[in-house]
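Encoded as C-alpha cells, the structure appears first; notes follow it.
Throughout, a chain's letter reflects where its sequence line sits, starting with A, and its residues are numbered from 1.
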2 protein chains.
Amino acid sequence: MAEKKAYHHGDLRAALIEATRQLVEEKGPDSFSVSDACRLAGVSTAAPYKHFKDKNEMLVAVVLEGMARHRANMLSALQEFPEGSPERITAIGMEYVAFAMNEPGVFRLKFGGFTDRIADPRLEEGGQQSFGILLSEVAKCLGESRITEEVRRRGFLLWSFVHGLSFILRDRGLADKGEEFDLHDLLKDVSERMLK
Amino acid sequence: MAEKKAYHHGDLRAALIEATRQLVEEKGPDSFSVSDACRLAGVSTAAPYKHFKDKNEMLVAVVLEGMARHRANMLSALQEFPEGSPERITAIGMEYVAFAMNEPGVFRLKFGGFTDRIADPRLEEGGQQSFGILLSEVAKCLGESRITEEVRRRGFLLWSFVHGLSFILRDRGLADKGEEFDLHDLLKDVSERMLK
DNA sequence: TGTCAAAGTGAGAAGTTCTAACATATGTTA
DNA sequence: TAACATATGTTAGAACTTCTCACTTTGACA
C-alpha cells in the first residue's frame, strides 16, 4: 500500500495527473515541465514515461479528466431547473464560465491554443458531447423534438458567446470589464435574445 | 547595406520579429523556439538578446505588431459602410474573425493563454483601443452620443460573441461546425439581436 | 517457489534559454 | 582623419528541458 519509501508508488499515473493539473494551474500550461511534476510526485524524471508516451499525453490526460468534470458540473447544474425551461440554458452558461474561472489553466489547455499539439480524437469527442447537451436544451426551448438546422444554428451562436465570455473573464477577470455587469444577467439576456 | 556576409545585419530586430511571426504561424506559439528564429534569420543564438530581453519580449513584439495590423484592418473594413449603419458592426466582426483564421498563431499568442507570461501593459492598451472602436460604433447604432452603460453592455456582449466565434472557427475551421452556416449571416443575425 | 512483466532508477544525449567575455563595425568628436 | 565609445555581432558554456536506454526492484501467478 506504499508506506513511505515503497519502490512502487501505488498509483503513479493518477498522482502524476494530479501533479500536472496542479502545476498547470499554478504556473500556467506553457511553463509546465515534466520535471516539476516528477519533483512534486517524488519520482525520478524517467518515471512518467512508463505511464505516458510523452509530455503531451500527460497534458491530454489532465484535459480529459477536466472535461469529464466540466460536463458533470453542467449536467448537475441543469437539474436544478425544470425540463425545457430557459433557465437551464443560463445554468449551462454559468457553469461553463465558472469552469473557465475556477480552472483557468485546464480551460486554456483545452481551448487556448494547445490544439495543434494536443489533437487527440477523445478531446474532439468530449467537446461534441458537451455541445450536444446544449443543443438538446435549445431544442426543448424552441419546442423542437429533434436537433433541427435552426437548433444547431442557435446553439452554435450561444456556444460562441459563452465561449468568448469565458475567455474574456478568464483573461481579465470580472474586475476589469465584467464587474460592472452581473454575470447571470448577461447570460439570461443573451439566452433570451438568442432563443426569441 | 549588408551585402552577403556583413557582420552587422542591418535590421536584425525587424528580421527576428518577422522570423518569429512566421515560425509562430508554422509551428504554433508553444513550439516556437528562439533558436529556430535565429537559424531562420541566419544569426547566432545569442544575437536576439541584444534586441530583446528574452523570448517573451520577442513574442510580445510579434503580438503588438499583429494587433496594430488587426486594428488597421478593422478600421479600413469599417469605412466601406456609411457612418452609423449596422453593417459597420458586422464588418468589424468579419474582420475580427478573419484575423483569427488568417493568423491563428498570432491570434492565439494574443488571446489564447499566454497572458500569464505575456502581461505587457501595451497589450492591454491595444486591446482597449480595439474595443473602443467597437463601442463607438455601437453607440452610433443605438443613437447615443456618448459611451453609456448600456452601450458598454451591448458592446461587451458583441465582443464576447465574436471572440468566441473566432476561437471556435480557428480551432475547428469552418469545415466542421461553421460551414453549414454563412459567416456573414451569423454576424448580421447576432448584431441585430444584440442591438435591438 | 521461480519466473516474468510492470514499474521504478540513474546516466546521458540532444536540445533549449540565456549570460559572459570577446570581436567588429559605425559614427561622433577632437 | 584617428581614436574612442557604443551598438551589434560571435563563441563558449551553465543550467535547464524532454526523452531513451540499460539496469534494478517488486508483485503476481503458474
With 3.5 Å as the limit, what N/O pairs link the protein to nucleotides 11-14 of chain D?
none

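- To the nearest angstrom, C1' of C:dT17 lies 15 Å from CZ of B:Phe52.
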With side chain to side chain contact (heavy atoms under 4.5 Å, CB included) as the criterion, how do A:Arg152 and B:Phe181 come out once you've worked through the C-alpha distance, each side chain's angles and the decisive distance to 0.1 Å?
CA-CA 10 Å; A:Arg152 291 191 74 80; B:Phe181 311 119; 4.0 Å; yes
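- In summary, B:Glu137 and B:Lys140 engage in a salt bridge, as defined by a charged side-chain N under 4.0 Å from a carboxylate O.
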Applying ring pair (Phe, Tyr, Trp, His ring centres under 6.0 Å), run through A:Phe167 and B:Phe167 and close with a yes or a no.
CA-CA 9 Å; A:Phe167 268 101; B:Phe167 268 101; 3.9 Å; yes
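- Remark: B:Glu125 does not engage B:Arg122 in a salt bridge, criterion side-chain N to carboxylate O under 4.0 Å.
- For residues 93-107 of chain A, the set of pairs meeting the side chain to side chain donor-acceptor pair (under 3.5 Å) definition, not counting sequence neighbours, comprises A:Arg69-A:Glu103, A:Tyr96-A:Trp159, A:Tyr96-A:His163.
- For the pair B:Lys50 NZ and C:dC18 P, the computed distance is 15 Å after rounding to whole Å.
- Out of C:dT16, C:dT9, D:dT17, the shortest distance to the side chain of B:Ser35 is found at C:dT16.
- The distance from atom CG of B:Leu59 to atom P of C:dC18 is 10 Å, rounded to the nearest whole Å.
- Remark: A:His51 is not in phosphate contact with C:dA6, judged by side-chain N or O atoms under 4.0 Å from OP1 or OP2.
- Position along DNA chain D of the nearest nucleotide to A:Lys53 versus A:Arg39 favours A:Arg39 as the more 5'-ward residue.
- Screening residues 187-196 of chain A for salt bridge (Lys or Arg N to Asp or Glu O under 4.0 Å) gives A:Lys188-A:Glu192, A:Asp189-A:Arg193, A:Asp189-B:Arg153 as the qualifying pairs, with residues at least two apart or on separate chains.
- Here the C1' atom of nucleotide D:dA7 and the CG atom of B:Asp11 are 13 Å apart, to the nearest Å.
- Listed candidates were D:dT17, C:dT16, C:dT19. Nearest to the side chain of A:Ser33 is D:dT17.
- For A:Val43, the side-chain atoms get nearest to C:dT9 when compared with the rest of C:dA7, C:dT9, C:dT17.
- Comparing D:dG9, D:dT17, C:dT9 against the side chain of B:Leu12 picks out D:dG9 as the nearest.
- The interatomic distance linking A:Asp30 (CG) with C:dT17 (P) rounds to 14 Å, in whole Å.
- The CG atom of B:Asp36 sits 11 Å away from the P atom of C:dG15 (whole-angstrom rounding).
- One interatomic measurement links the two molecules: NZ of A:Lys27 to P of D:dT17, which rounds to 10 Å at whole-angstrom precision.
- Distance A:Tyr49 OH to D:dT18 P: 6 Å, rounded to the nearest Å.
- Judged purely by atom type and a 3.5 angstrom limit, B:Arg21 has no side-chain atom pairing as donor or acceptor with the backbone of B:Val62.
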